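Order of appearance sets the numbers: ligands from 1, and atoms from 1 within every ligand. Quick caveat, the model's predicted, so the values are computed rather than measured.
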Amino acid sequence: MSAARRNLLGLSRKELAEFAVSIGEARYRGAQLFLWLYGRGATSFSAMTDLGKAFRERLSLAATIEGLTPAAVRHSRADGTMKFLFLLRDGAGVESVLIPPASAFVGKGVANDDEQRRLTLCLSTQVGCPLDCAFCATGTMGYSRNLTAGEIVDQFLQVRRATGRRITNVVFMGMGEPLMNYDNVMRAVEILSAGAEIAARRIVISTAGWAPQIRRLGEEKQTVKLAVSLHSAVEATRARLMPVTRKFGLAELRAALESYYRATRRRVTYEVIFFDGINDSVREVAALIAFARVVPCKINVIPFHSIRFTGTKGFGASLSPSRRQEKIVERLRAANLTVMVRSSAGEDIEGACGQLAVREGALRPRAVRTVGQT
Ligand code: SAH
């Protein structure tokens, strides 16, 4: 009896070479498979036309290319953002968001060339999320599991195939905490940068502050960009907003960031949402400025997006956007900090930052459904 066929989607270049050897082929076959799977996005071995019939037949006996099932696409009428829902083999679902050029930031005047060409894809790394930030929709779903590297990469391959567009940037800011799924996320980074031509410096990993793995990014001298969802530099406030603070406090986060910066000399991005009466006081802003002095950084201010549709109760439901945001941004800039104000691209399709949540009812397998304008 033959062994179970190996799913090649998500294997790195090295793993594909090893796989080729394991079925009696030369190592260089791995590089050919790598190019077909990730560069050209082949979904079947028969499509790999330059590989030779005998090799392709051997491949179909030993391997599969098993991806996600596309389940729905929503288009934002307001700004062209697209949100994709994918079903996983075990019936769970994840979402990815494609953000059109020049809509990521507001209030910066005319976008430069790079921004005009930028097409950013936001990927999920876990089914749900265990961190339960008070303001985030994903947290309300609870946590099921890490995504495999194949499931992460296939979000990219499918969106590229479905839209036929050249994606220039990738951000790990979808559902889940990427640094809790370190190995699979880094394997996806390798595949995207070497196989799909997204330079690692155009890939952002956003973390709620998983300190040990921030250090590890530094130790491994990873060239991805690091973003940290900070939200408050006052311990008690941050712990209320982001329970992960009770595991890795601000002192530990600060030390991890110093270690990361020493190793990489890369500037860190802090993401901050200002909430009315929570983290918008003079004291909070002073603490934020002090924290921002620890390592060279940039601050991205994200407007608070409503998560009312998740039925959140308690503290989370009481949160509302600060009315002082503009003043605070001025204050931060006066302190010589680089501050960007993010737009709310995709808010009308619940595809903006923090709004990704897959509801039970959305998960019955069905034909691809397109909602909204096409
Ligand atoms: N777990 C990672 C990545 C996913 S969240 C992290 O925490 O960074 C991606 C970004 O969306 C984070 O900066 C997060 O703080 C932000 N976010 C979460 N909920 C939000 C909301 N309701 N409105 C605006 N931004 C939100």
- Query: Which atoms of ligand 1 have any heavy atom of Pro303 under 4.0 Å away?
  - Reply: 23 (N), 24 (C)
- Query: If you draw the axis of the six-membered ring of Phe19, does the NZ or CZ of Arg6 fall within 45° of it and under 6.0 Å from the ring centre?
  - Reply: no
- Query: Which protein non-hydrogen atom lies closest to atom 12 (C) of ligand 1, naming both residue and atom, and how far is it?
  - Reply: Ser229 OG, 3.1 Å
- Query: atom 23 (N) of ligand 1: which protein heavy atom is closest, and how many Å away?
  - Reply: His305 N, 2.9 Å
- Strictly by modelled atom types, are Ser12 and Glu15 linked by a side-chain donor-acceptor pair under 3.5 Å? yes
- Query: So which protein heavy atom does atom 20 (C) of ligand 1 come closest to, and at what separation?
  - Reply: Gly354 CA, 3.3 Å
- Item | Heavy atom of the protein closest to atom 2 (C) of ligand 1 (residue, atom name, distance) | Ser206 O, 3.2 Å
- Task: Mark yes or no for whether Glu151, through its side chain, and Leu68, through its backbone, hold a donor-acceptor pair below 3.5 Å.
- Result: no
- Check if Gly209 has a non-hydrogen atom at a distance under 4.0 Å from any atom of ligand 1. no
- Task: Following the transitive rule for hydrophobic clusters with a side-chain heavy-atom cut-off under 4.5 Å over Ile, Leu, Val, Met, Phe, Trp and Tyr, establish whether Tyr143 and Trp210 coincide in one cluster.
- Result: no
- Query: Glu284 and Thr237: side-chain donor and acceptor closer than 3.5 Å?
  - Reply: yes
- Task: Would you check whether Ile302 has a nitrogen or oxygen atom less than 3.5 angstrom from a nitrogen or oxygen atom of ligand 1?
- Result: no
- Heavy-atom contacts with Ile273 under 4.0 Å: which atoms of ligand 1 show up? List them by number with element. 20 (C), 23 (N), 24 (C), 25 (N), 26 (C)
- Query: Can you tell me the protein heavy atom closest to atom 22 (N) of ligand 1 and the distance?
  - Reply: Phe135 O, 2.8 Å
- Pair Arg215 + Glu219, salt bridge at N-O below 4.0 Å: no
- Determine the interplanar angle of the Phe34 and Tyr38 rings, folded into 0 to 90°, and report it as parallel if under 30°, tilted if 30 to 60°, perpendicular if over 60°. perpendicular
- Task: State if His231 counts as touching ligand 1 under the rule of any non-hydrogen atom under 4.0 Å.
- Result: yes
- Query: Near Gly176, which atoms of ligand 1 are under 4.0 Å from a heavy atom of that residue?
  - Reply: 1 (N), 2 (C), 3 (C), 4 (C)
- Atoms of ligand 1 under 4.0 Å from any heavy atom of Glu177, numbered from 1 in the order shown, are 1 (N), 2 (C)
- Item | atom 5 (S) of ligand 1 [closest protein heavy-atom partner, distance rounded to 0.1 Å] | Met173 O, 4.0 Å
- Task: Could you tell me which atoms of ligand 1, counted from 1 in the order shown, lie closer than 4.0 angstrom to a heavy atom of Ile307?
- Result: 22 (N)
- Going by heavy atoms, is Ala137 under 4.0 Å from ligand 1? no
- Please check if any side-chain donor atom of Asn279 sits under 3.5 Å from a side-chain acceptor atom of Ser232, or the reverse. no
- Short side-chain to backbone donor-acceptor contact, Ser124 and Gln126, under 3.5 Å: no
- Query: Is Gly174 near ligand 1, meaning one of its heavy atoms is under 4.0 Å from it?
  - Reply: yes
- Please check if the distance between the ring centroids of Phe135 and Phe304 is under 6.0 Å. no
- Task: Provide the number and element of each atom of ligand 1 under 4.0 Å from a heavy atom of Ala208.
- Result: 6 (C), 7 (O), 8 (O)
- Should the pair Lys14-Glu18 be classified as a salt bridge under the 4.0 Å nitrogen-to-oxygen rule? yes
- Message: Which residue and atom name correspond to the protein heavy atom nearest atom 21 (C) of ligand 1, and how close is it?
- Response: Cys353 O, 3.4 Å
